[in-house]
Amino acid sequence: MPRSSRSARTTGTDGSARRRLPALAALAAATALAAGVTAPAYAAEPASVAPVVEGRPGFHPDQDFAGSTVAAHEGRGTAAPFASLAATQTPGLDVSGYQGNVNWSSVSANGAKFAYVKATEGTGYTNPYFAQQYNGSYNAGLIRGAYHFALPNASSGATQANYFVSHGGGWSADGKTLPPALDIEYNPYGATCYGLSQSAMVSWIRDFSDTVHSRTGRYPTIYTTTNWWTQCTGNNGGFGTTNPLWIARYSTSVGTLPNGWGYQTFWQFADSGTFPGDQDYFNGAADRLRALALG
């Protein structure tokens, strides 16, 4: 899919060249979440561990990330956002294997307070840079969390939730770990709604959400766009009371939110900017962000 803004950004905050990850990079992985309330540590799995190809040719999870399909479907605005926002907004970012190793001390110095890091996709991919990104952001003082890129036509919500939680998508009550997040957006491999009916999509998301809650004690944050949610779930309103909303809209405001949510918890407002990866705001001050992390 088009990746114009990311293709144009060739250097990270440490000045290192960004690169499109080679296919072999997708063979690395990160280990499961350590128990307890301290920051979990991750290490790469052996390079010989091959990913499942999810049953489709051209599988490219190294190119899929929160928002990788958004601009192509919904465009992006050019004016400065936030003029109409009443609450204090706390800046952050989200990254994936596409960014490679991130200079987290520079990110922190530039004002980021939180980061979401892609951990997994489907049941056949773990971000080979997850350990550096997840642990590195924590060590630099950011509140961080992990997200899963959903492939609802590949396996059940419970199956993918279990894979996610076992490969980085856990939660610790340490005040520095955000709820796990589900990235559910336009299909980068074909039909917008992955060939699922609206009711089947709602059931899949519920299955994923309930399984994450059972495994971690937290309902996952849901990353989506209003347009996709309306088209693919029938604008279902059944998640707003349990799941924080991470809305994607590259414009001057968040716009109309999906049914069931009265406000967004996170807003991905741009796919390039001050920080590596995508630019995000938490809808509140830093103390509220810490409260969300504590649960």
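Below, each value reflects all heavy atoms present in this structure, side chains not excepted, and no hydrogens, waters or symmetry copies.
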Problem - 4.5 Å side-chain heavy-atom contact, Gln231 and Cys193 - result: yes

Exercise for the section: Write down the atom of Trp228, the atom of Thr192, and the distance for their closest heavy-atom approach. Expected result: NE1-O, 3.3 Å

Exercise for the section: Spell out, as yes or no, whether a donor-acceptor pair under 3.5 Å connects the side chain of Asn283 to the backbone of Gln264. Expected result: yes

Problem - Any side-chain heavy-atom pair of Val107 and Asn103 under 4.5 Å - result: no

Problem - Single-linkage hydrophobic cluster Phe114~Leu292, side-chain heavy atoms < 4.5 angstrom - result: yes

Exercise for the section: Would you please test Asp174 and Tyr138 for side-chain contact (heavy atoms from CB on, under 4.5 Å) and show each step? Expected result: CA-CA 11 Å; Asp174 54 8; Tyr138 182 102; 3.6 Å; yes

Exercise for the section: Using the rule that two of Ile, Leu, Val, Met, Phe, Trp, Tyr join whenever any of their side-chain heavy atoms come within less than 4.5 Å, decide whether Trp204 and Val165 are in one cluster. Expected result: yes

Exercise for the section: Look only at the side chain of Arg249 and the backbone of Ser253, and say whether a donor-acceptor pair between them is shorter than 3.5 Å. Expected result: yes

Handout entry: Ser272 OG to Tyr250 OH distance, which is reported to the nearest 0.5 Å
Key = 9.5 Å

Handout entry: Aromatic ring proximity Tyr189/His60, centre distance under 6.0 Å
Key = yes

Handout entry: Hydrophobic cluster membership, Tyr163 vs Phe208, 4.5 Å side-chain cutoff
Key = no

Completion exercise
ring-ring contact (aromatic ring centres under 6.0 Å, His included) test vs Phe266 passes for just one of Tyr116, Trp261, Tyr147, namely Tyr116

Practice task
Please tell me if the side chains of Thr233 and Gln198 come closer than 4.5 Å, counting only heavy atoms from C-beta onward.
Solution key: no

Exercise for the section: Test Tyr223 against Gln268 for side-chain contact (heavy atoms from CB on, under 4.5 Å), laying out the working first. Expected result: CA-CA 9 Å; Tyr223 170 97; Gln268 186 190 76; 2.6 Å; yes

Exercise for the section: Let me see the working for Leu142 and Leu93 under side-chain contact (heavy atoms from CB on, under 4.5 Å), right down to the final yes or no. Expected result: CA-CA 10 Å; Leu142 278 68; Leu93 66 156; 4.1 Å; yes

Handout entry: Point-to-point distance, once rounded to the nearest 0.5 Å, from CZ of Arg144 to NZ of Lys176
Key = 7.5 Å

Handout entry: Pairwise distance CG(Leu257) to OH(Tyr263) - rounded to 0.5 angstrom
Key = 11.0 Å

Practice task
List the atom of Pro258, the atom of Thr224, and the distance in Å for their closest heavy-atom pair.
Solution key: CG-CG2, 4.4 Å

Exercise for the section: Please indicate whether Arg288 has more than 12 foreign heavy atoms, meaning atoms of other residues, nucleotides or ligands, lying under 6.0 Å from its CZ. Expected result: no

Handout entry: Approximate separation, where rounding is to 0.5 Å, of Asn236 CG and Ile205 CD1
Key = 8.0 Å

Handout entry: Polar side-chain atom of Thr216 near backbone of Val212 as donor-acceptor pair, under 3.5 Å
Key = yes

Exercise for the section: Begin from the C-alpha positions of Asn227 and Thr230 and carry the test side chain to side chain donor-acceptor pair (under 3.5 Å) through to its verdict. Expected result: CA-CA 5 Å; Asn227 288 347; Thr230 299; 5.7 Å; no

Problem - Between OG on residue Ser172 and CG on residue Leu294, distance to nearest 0.5 Å - result: 11.5 Å

Problem - Heavy-atom pair with the smallest gap, counting every atom of Trp267 and Val254 - result: CD2-CG1, 3.3 Å

Practice task
Using a 4.5 Å cut-off on heavy atoms from C-beta on, say whether the side chain of Phe149 contacts that of Lys118.
Solution key: yes

Practice task
Compute the ring centroids of Trp229 and Phe239, then answer whether they are less than 6.0 Å apart.
Solution key: yes

Exercise for the section: With rounding to the nearest 0.5 Å, note down the distance linking OH in Tyr134 to CG in Asn139. Expected result: 11.5 Å

Exercise for the section: Return the minimal non-hydrogen interatomic distance between Gly284 and Thr90, and the atom names on each side. Expected result: O-OG1, 2.5 Å

Exercise for the section: Check whether any side-chain heavy atom of Leu151 lies under 4.5 Å from a side-chain heavy atom of Gln160, and answer yes or no. Expected result: yes

Exercise for the section: Sort out for me which residue in Gln99, Glu121, Gln132, Gln133 forms a side chain to side chain donor-acceptor pair (under 3.5 Å) with Asn127. Expected result: Gln133

Exercise for the section: Check whether any side-chain heavy atom of Arg215 sits under 4.5 Å from a side-chain heavy atom of Asn162, and report yes or no. Expected result: yes

Exercise for the section: Decide if the gap between the ring center of Phe130 and the ring center of His167 is smaller than 6.0 angstrom. Expected result: no

Practice task
Just do the side-chain contact (heavy atoms from CB on, under 4.5 Å) check on Glu74 and Thr225 with the steps written out, would you?
Solution key: CA-CA 9 Å; Glu74 300 186 15; Thr225 77; 2.6 Å; yes

Fill in the blank from the handout: Shortest non-hydrogen pair, Tyr194 vs Glu185, comes out as OH-O, 3.1 Å

Problem - Side chain proximity check, Pro91 to Phe275, heavy atoms < 4.5 angstrom - result: yes

Handout entry: Tyr219 with Phe164, same ILVMFWY side-chain cluster at under 4.5 Å
Key = no

Handout entry: Tyr186 with Phe269, same ILVMFWY side-chain cluster at under 4.5 Å
Key = yes

Problem - Within 6.0 angstrom of Lys113 NZ, more than 12 heavy atoms from elsewhere - result: no

Practice task
Determine yes or no for a side-chain-to-main-chain donor-acceptor pair under 3.5 angstrom, with Asn153 supplying the side chain and Gly195 the backbone.
Solution key: no

Completion exercise
The complete set of side chain to side chain donor-acceptor pair (under 3.5 Å) pairs with one or both residues in residues 237-247, sequence neighbours excluded, reads Ser209-Asn243, Trp246-Asp280

Exercise for the section: Find out whether His148 and Pro180 are in side-chain contact, i.e. whether some heavy atom of one side chain is under 4.5 Å from a heavy atom of the other. Expected result: no

Exercise for the section: Mind listing the closest non-hydrogen atom pair of Ala140 and Ser108 along with its distance? Expected result: O-OG, 3.4 Å

